[in-house]
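Here the structure is laid out as structure tokens; the discussion comes afterwards.
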Amino acid sequence: MAPIPLELVTSGRDLSEPRLDPSGRYVAFVRRSGGDAAIAVVDLDGDRVERDLTFGPAPRPGRGLGGGCFAWMPAASSAGDAIPDFVYVADDGELWWQGGAQLRQLTHARREMRAPSTAMPATTPAAVGADDPQRGRRSPIVAVAVDEAEIWVVDVVDGSSRRVDDGRHEFCFDPAISPDGRMVAWQAWSPPDMPWDGSVRVEADLRTGEVVEHPRAGGAVQQPRFTSSGERCEIHDASGWLNVDVAGRAVAHEPVEHAGPTWGMGNRSYAISPHGIRVAIARNHRGIGDLAVVEIETGRITVLDSGIHGALDWQSDRIAAVRSDASRPPSIVVHDLADESVVTVARADVVGWDAVELPEPDPVIALSADGATLHARRYTAGAGRMICWVHGGPTDQWPVEWRPRIAYWWSRGWDVLVVDPRGTTGHGREYQQALHGRWGRLDVDDTAAILGAAQRSGWASATSTVVMGGSSGGLTVLGVLADHGHLVAGGVASYPVSDLRALAEATHRFEAHYTDTLVAPLDGHPDHEARFTELSPLHRAERIAAPLLLSHGSDDPVVPAAQSIALAERIRTAGGDVDLVIYDGEGHGYRDPAHVADDYARTEAFLDRVCPPADHAG
């Protein structure tokens, strides 16, 4: 296999949030390339040519398989075969409406809107008096999350808005309006919980103003919505697995995840059919994905396709999704259930990838020191050198999907071992929640256990293994170097967490209470200071003897660069080998092409220094 050029790895575009219009004829999606973003549309019953739909301010795309950028207006607000009206969140954070050649800014709040949901109420949902001239008026409405903390309802005709949550929760995500326009539901939680710990469904009656919470004992709720008949539907994990629930009953109670953790808004890992009798589910079998349709009444499951799916939408007889796997790039696909066809309407990659044969990973099982079953996936090059890659999060996962970074190193003769230490999603609630109080300890020891099993299998030796990761995965890298340095020749840590106490005090609002559960509460816990010190790699820096390549963005809002600067200083003071680079102007991850190229070049030089290829050839 010839080495894949970096230019190919960094090529292509991001595709997200496919949404079918109410008729099922048009599919729109967000496309982004570099700093350019737009909402594009394809006529599925016409020429199937991709065209840009937005002509106003650029949309603000979601992240990964999430979304929360736009929504079609309900069918009753549009006419004929024309492309329907829609609303979207622009890069200014405001909500905009577009219909035909008309464009209008709906909000002027100077705040951050997200995850619009639309409906056409039978009458205006506002509580109006008998003599009010607006009584009985029909106007489309939009529910939207504001600053991740409030839920507003906006009238599309006059632009008026009102807050409908009662402020009891610090975070409010993903509002959904019932088909009759009467109820709004959303996901909510408050510290010390994170959304995967204990979020709840909250509903507001738009006519009475009453706000009601619907908690589920022993689990967390996400993606609350309504069926076409108004029944509640959502995903929750009180059973131990994130499964779809309709009308208070699991439609497919199985040891398989139907969603990932709530890291942002607009997740759509399931979609109810228009008549409410079936549900499409993007399933995760311990990192291996498929798309299935479940009959709600009988529970009968039909698998439509393999691969990681997300951003599902179902209108008429069509299901739209983003799909990828290890060898196929992200694509917008539409399944037509009427004729059992699948249409790819947009691809994220460039033609050069067609000449590259990429491997599917092999599942790996290992046992932890305390006897737990651990999981990983191996992309096999077979040349005797191995990168052990730890995902960020830590309540995240790198399932078997398109990852050009993995392909880059694999094409250069590296096995890539993607590990799922406890705390990772995709293996049930118990596996994910096991990290509580042990972040920086359990993930480190689990990664070491998987590494040991891989080396005993003969795939690589300690002298030909490097551990790599970013953010939370970088914390695990540092912990492995400090506590299990005999297993690796070196480590690469990008924008890593090294000081958990400083993270709790300085990170952005969403993650500000992350450590309350994963380490210890800053208030009310008798030994929280000792616990933060014990679990932070900064305080074990003198034990990091193997070479370390360390990088950070100067403007990182999640993990301040000061953490890596302090860590490097301590390692050097203790006589360690550390190379630190600070990328000016970068945040939590690198976007400037020059910085990206430099990061890859530095990493390749470092890997060849600590694990020379000639020493492991053949």
Side-chain angles (χ1 to χ4, degrees), residues 3-16 32-37 60-64 66 91 263-264 329-330 348-350 387-394 396 398 401-412 414 416 418 466-478 490-498 503 506-508 510-511 547-568 578-608:
I4 297 172
L6 177 60
E7 292 79 4
L8 183 59
V9 170
T10 56
S11 65
R13 58 182 183 163
D14 296 324
L15 301 175
S16 63
R32 177 173 57 185
S33 179
D36 173 59
R60 177 166 294 177
R63 54 182 292 182
D91 56 7
W263 275 101
D349 65 329
V350 298
I387 293 172
C388 173
W389 217 322
V390 190
H391 63 75
D396 202 352
W398 281 7
E401 60 186 345
W402 180 254
R403 291 198 175 271
R405 287 188 295 172
I406 290 177
Y408 181 87
W409 297 113
W410 167 82
S411 74
R412 283 158 173 75
W414 289 90
V416 179
V418 177
V466 174
V467 61
M468 184 183 297
S471 192
S472 168
L475 180 148
T476 307
V477 167
L478 300 175
V492 179
S494 306
Y495 38 92
V497 177
S498 60
L503 179 75
T507 193
H508 62 102
F510 180 81
E511 296 185 47
L548 170 64
L549 175 61
L550 189 60
S551 66
H552 219 116
S554 66
D555 299 342
D556 192 332
V558 180
V559 183
Q563 290 207 17
S564 287
I565 294 171
L567 176 71
V578 58
D579 180 12
L580 169 65
V581 57
I582 302 294
Y583 290 115
D584 188 48
E586 295 284 9
H588 201 60
Y590 313 138
R591 295 187 179 277
D592 185 307
H595 293 159
V596 172
D598 182 77
D599 182 51
Y600 271 90
R602 286 176 183 269
T603 302
E604 186 160 16
F606 176 83
L607 294 176
D608 287 343

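Start at 1 with the first residue, then count along the sequence.
- Note that CZ of R591 is 13.5 Å distant from OG1 of T10, once rounded to the nearest 0.5 Å.
- Considering only residues two or more places apart in sequence or on other chains, D598 meets the salt bridge (Lys or Arg N to Asp or Glu O under 4.0 Å) condition with R602.
- In this structure, the salt bridge (Lys or Arg N to Asp or Glu O under 4.0 Å) partners of D14, at least two apart in sequence or on a different chain, are R32.
- Of the possible donor and acceptor atoms, none in the side chain of S551 sits under 3.5 Å from a partner among the backbone N and O of S494.
- For D349, the side chain to side chain contact (heavy atoms under 4.5 Å, CB included) test picks out P329, R347, W353, D354, with sequence neighbours left out.
- S498 OG to L503 CG: the interatomic distance, rounded to the nearest 0.5 Å, is 9.5 Å.
- Every residue was checked against the salt bridge (Lys or Arg N to Asp or Glu O under 4.0 Å) condition with D555, not counting sequence neighbours, and none meets it.
- E604 is linked by a side chain to side chain donor-acceptor pair (under 3.5 Å) to Y408, R412, counting only residues two or more places apart in sequence or in another chain.
- Remark: Y600 pairs with no residue by the side chain to side chain donor-acceptor pair (under 3.5 Å) rule, at least two apart or across chains.
- From D599, atom CG reaches atom CG of L549 across 7.5 Å, with rounding to the nearest 0.5 Å.
- With sequence neighbours excluded, the residues that form a side chain to side chain contact (heavy atoms under 4.5 Å, CB included) with S33 are R13.
- In this structure W410 satisfies the ring pair (Phe, Tyr, Trp, His ring centres under 6.0 Å) test with no other residue, sequence neighbours excluded.
- Applying the side chain to side chain contact (heavy atoms under 4.5 Å, CB included) criterion to P593, with sequence neighbours excluded, gives no partner residue.
- Between the side chain of S554 and the main chain of G585, a donor-acceptor pair closer than 3.5 Å is present.
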Carefully, step by step, assess I4 and V9 under the rule side-chain contact (heavy atoms from CB on, under 4.5 Å). CA-CA 7 Å; I4 297 172; V9 170; 3.8 Å; yes
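- To the nearest 0.5 angstrom, L580 atom CG is 9.0 Å from L548 atom CG.
- Side chains of D396 and H391: a donor-acceptor N/O pair is absent below 3.5 angstrom, by distance only.
- By the side chain to side chain donor-acceptor pair (under 3.5 Å) test, Y495 pairs with no residue at all, sequence neighbours left out.
- Taking the six-membered ring where the residue is Trp, the centroids of H595 and Y590 are separated by 6.0 Å or more.
- Interatomic distance, I582 CD1 to S564 OG, rounded to the nearest 0.5 Å: 6.0 Å.
- Of the inter-residue distances, the one linking E586 atom CD with H552 atom NE2 reads 11.5 Å to the nearest 0.5 angstrom.
- Scanning for side chain to side chain donor-acceptor pair (under 3.5 Å) contacts around S472 gives W439, with sequence neighbours left out.
- Summarising the local packing, CG of D36 is surrounded by more than 12 heavy atoms from other residues, nucleotides or ligands at distances under 6.0 Å.
- Listed by chain and residue number, L15, P330 satisfy the side chain to side chain contact (heavy atoms under 4.5 Å, CB included) test with A348 (two or more places apart in sequence, or in another chain).
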